[in-house]
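In this chain, numbering begins with 1 at the start of the sequence shown. For clarity, every value in this text was computed on a predicted model and none was experimentally measured.
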Amino acid sequence: MFVHTAQDVLIYLFGDSAVHLTLEGLGTVTVQELGRNVREALHTPESVQDVFAFWLCSPLLELQLKTRHQPYKLCRQWHDLLYRFTEASEEDISQDEPCLQYRRSVFYPKSKELQIQEEGVLRLLYEEARSNILTGRYPCDPEHWTSLGALSIALDEGTSLDSQQFTTTIREKKLSSYLPAHVTMGSGGLFSTLRGKSSRQVGLEQNLFKEYSKICTSAGSSPEPTQLLHQYLNTCHTLPYYGCAFFFGEIDKPAQGILQRGKRKAVNIGICLEGVYVMDVKEKHVLLGLRFSELSWDHSYPEEEGDSHILWLEFDGDEDGTPVNKLLKIYSKQAELMSGFIEFCVELKSASEGAAAAEVDGEVSLSQQPGGQEERSKNGRGGRRGMLHRQGSVVCSRVQSLNTISYVDDGEGQTCLTAPLSFLEVAPSVPFHSVRDFFSAFVHFCVFCFCFFRKRNQTLEAQESCVFLRPTGVCSVVLCSANRESGAGLKSPIRSDPILSETKSEHFTLRQNKTKKTERLTLSLRHLSANM
């Protein structure tokens with residue numbers, strides 16, 4: 001006979017609060033059972049049970065749990081999960097402890113959020129969104145964080161503050177309570193301290209007050225809290241990565257010269273029902289944002305000890321006006337998790353779109369149906385992926401700053417890989433205006449060849465390297481399947497990447513989204529059989 005003793009458990013919420021429960025048989029309690037207890041403690045209706053999920057979180061790893069999972073058992077296995085999915089040291093793993101969080105489910109659609117009217121539920125969503133804004137996990141532009149900061153002040157302090165009261169409140173609670181940390185940092189310094197206040201801080205306070213005044217004018221003297229909460233969440237919904245699950249990884253930095261090679265940049269990878277977003281951890285902006293209709297992907301395992309798991313993202317781009325396919329390598333032990341999560345999201349989104357299409361009233365005439373099919377083909381589902389365009393916002397992709405592999409498929413079974421000198425980690429080239437310039441470029445190329453053959457993990461793989469001079473006189477290196485007559489041959493016995501191995505006709509597959517299913521796009525990399 002087993003006697004289950006009651007045990008205390010804390011379920012953490014955003015906003016520095018927690019739910020304290022006392023449960024019997026904690027070791028066998030499932031997420032579904034735990035959810036009922038939490039909803040009772042928070043007095044939230046059963047109708048919103050799909051809004052939230054339980055997460056096991058630590059600085060090293062974040063996992064959303066399924067309803068059948070038993071949190072206690074997963075906590076006991078936490079260190080094994082860290083060894084499998086993180087690059088943390090043994091010391092860090094031994095000291096890491098997860099906490100159980102009750103937070104937004106990544107599978108809950110944004111469109112349903114604004115239909116919620118319960119203030120308690122909206123408060124939980126607001127506190128989570130606010131935390132992600134303040135920590136920089138959700139990169140946003142000044143107009144966004146100013147508006148969101150003013151809404152937070154209105155929710156905390158009401159809408160009746162005058163200018164003096166507003167300034168006093170801000171300085172008591174500090175700007176970091178309302179604006180992202182990376183925005184408020186740097187406003188101090190020795191000179192600013194001697195002056196007594198920072199001009200930057202004053203400017204931020206003035207902008208906040210202007211936005212706060214607009215909110216007070218539009219909302220009135222005593223608006224309903226749900227009105228302001230909806231307004232806050234609606235603003236967050238303009239950020240495409242709102243509600244993402246986040247993973248940790250690294251990408252290659254673009255080379256700045258011969259002496260700056262092989263460095264990597266830490267990135268956050270956000271995945272939601274809409275797409276995949278790669279964000280710079282340090283600079284707090286989006287490097288690449290792709291909807292599922294714009295990407296293909298795959299995951300490769302390490303071949304040797306010391307190699308990394310890699311998530312490959314393929315998307316359409318252009319170089320000098322020429323359409324090319326680009327490949328981005330994301331190094332992460334969580335690549336397997338990300339690949340499976342993307343596949344699940346694609347299937348879930350396809351299923352939901354199919355269900356929504358089935359519910360549409362049959363009033364659309366048959367003459368309009370081909371137009372709809374053509375439109376779907378244009379946006380990339382079942383056709384070519386949509387092109388990406390760089391803009392000035394931190395929310396938009398910065399494809400030019402990425403170190404990617406570019407290739408062009410000529411449609412005849414041959415693949416041409418192209419890369420500028422900056423990608424191949426050679427000092428930037430310049431037009432040849434003199435013999436001295438040509439000799440300098442030749443020396444750089446010789447150094448590049450030496451480094452290229454010795455480098456252990458090469459990004460590009462090909463059996464022929466051909467050097468061409470562009471019409472402008474700028475030197476570039478092209479790796480392609482071409483005839484020997486196309487350029488001077490240079491044998492390249494390069495060590496292969498995990499999925500670009502050295503065989504006569506190599507293949508690696510990228511999963512490409514098609515309508516209502518996931519297919520695999522096969523890229524064939526063939527090498528020259530040149531007789532030296």
Side-chain angles (χ1 to χ4, degrees), residues 61 80-90 93 247-255 261-267 269 276 278 295-315 325-343 402-407 415 417 419 423-425 448-465 477 479-481 490-512 518 520-529:
L61 185 64
D80 295 332
L81 294 172
L82 294 182
Y83 278 114
R84 181 178 178 185
F85 294 120
T86 74
E87 301 282 358
S89 64
E90 289 191 14
I93 289 177
F247 303 85
F248 308 110
E250 293 180 328
I251 60 173
D252 291 313
K253 280 186 176 182
R261 306 186 314 272
K263 294 184 178 180
R264 293 181 182 175
K265 176 185 297 186
V267 293
I269 303 97
V276 181
V278 183
L295 68 87
S296 302
W297 85 97
D298 207 349
H299 157 240
S300 62
Y301 293 89
E303 271 193 341
E304 299 178 0
E305 186 177 355
D307 290 347
S308 300
H309 289 259
I310 297 175
L311 179 70
W312 297 82
L313 298 181
E314 182 199 27
F315 56 97
N325 289 30
K326 289 181 174 290
L327 289 172
L328 177 66
K329 294 172 67 174
I330 301 176
Y331 305 91
S332 175
K333 269 196 170 183
Q334 299 173 18
E336 184 180 3
L337 286 175
M338 290 187 276
S339 179
F341 190 42
I342 292 173
E343 185 166 7
L402 292 175
N403 194 349
T404 58
I405 303 171
S406 299
Y407 74 91
T415 302
L417 294 175
F423 175 76
L424 292 173
E425 302 175 354
F448 153 71
C449 290
F450 176 76
C451 298
F452 190 69
F453 287 116
R454 295 196 55 162
K455 186 176 179 183
R456 189 168 182 272
N457 292 316
Q458 298 298 331
T459 308
L460 292 179
E461 183 68 17
Q463 298 298 331
E464 288 292 327
S465 292
V477 175
L479 302 179
C480 62
S481 297
L490 177 63
K491 275 291 180 182
S492 302
I494 309 170
R495 181 192 175 280
S496 63
D497 271 326
I499 63 172
L500 302 178
S501 53
E502 288 183 322
T503 58
K504 281 287 181 181
S505 180
E506 292 306 319
H507 303 273
F508 75 87
T509 55
L510 291 172
R511 306 178 192 186
Q512 186 179 37
T518 302
R520 298 177 73 83
L521 170 68
T522 303
L523 304 176
S524 179
L525 299 181
R526 305 179 184 278
H527 70 274
L528 263 175
S529 56

Among residues at least two apart in sequence or on other chains, which ones pass salt bridge (Lys or Arg N to Asp or Glu O under 4.0 Å) with Glu250?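 For Glu250, the residues satisfying salt bridge (Lys or Arg N to Asp or Glu O under 4.0 Å) (neighbours in sequence not counted) are Arg264.
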
Drop me the distance from [X]'s [atom1] to [Y]'s [atom2], to the nearest 0.5 angstrom.
X: Leu295; Y: Glu314; atom1: CG; atom2: CD; value: 9.0 Å
X: Ile330; Y: Trp312; atom1: CD1; atom2: CH2; value: 11.0 Å
X: Gln334; Y: Phe85; atom1: CD; atom2: CZ; value: 8.0 Å
X: Phe247; Y: Leu337; atom1: CZ; atom2: CG; value: 6.0 Å

What pairs with Phe248 under ring-ring contact (aromatic ring centres under 6.0 Å, His included), at least two apart in sequence or on another chain?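 Counting only residues at least two positions away or on another chain, Phe248 forms no ring-ring contact (aromatic ring centres under 6.0 Å, His included).
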
Determine the sole option in Ile269, Leu327, Val278 for which the side chain to side chain contact (heavy atoms under 4.5 Å, CB included) test with Leu313 is passed.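 Single pass found, and it is Val278.
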
Are the side chains of Thr86 and Lys333 in touch, meaning some heavy atoms are under 4.5 Å apart?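 With C-beta onward as the side chain, the pair stays apart.
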
Can you find a pair of side-chain heavy atoms, one from Leu311 and one from Val276, that are under 4.5 Å apart?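 A side-chain contact is absent here, since even the closest heavy-atom pair is not under 4.5 Å.
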
Distance-minimising heavy-atom pair for Gly249 and Ser332: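 Shortest heavy-atom contact: CA-CB, 3.8 Å.
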
Please give me the minimum heavy-atom distance between Ala335 and Ile310, naming the atom from each residue.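 Ala335 and Ile310 have their closest heavy atoms at CB-C, 3.8 Å.
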
What about the rings of Tyr331 and His309, do their centers lie closer together than 6.0 Å?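 Aromatic pair excluded; centres sit 6.0 Å or further apart.
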
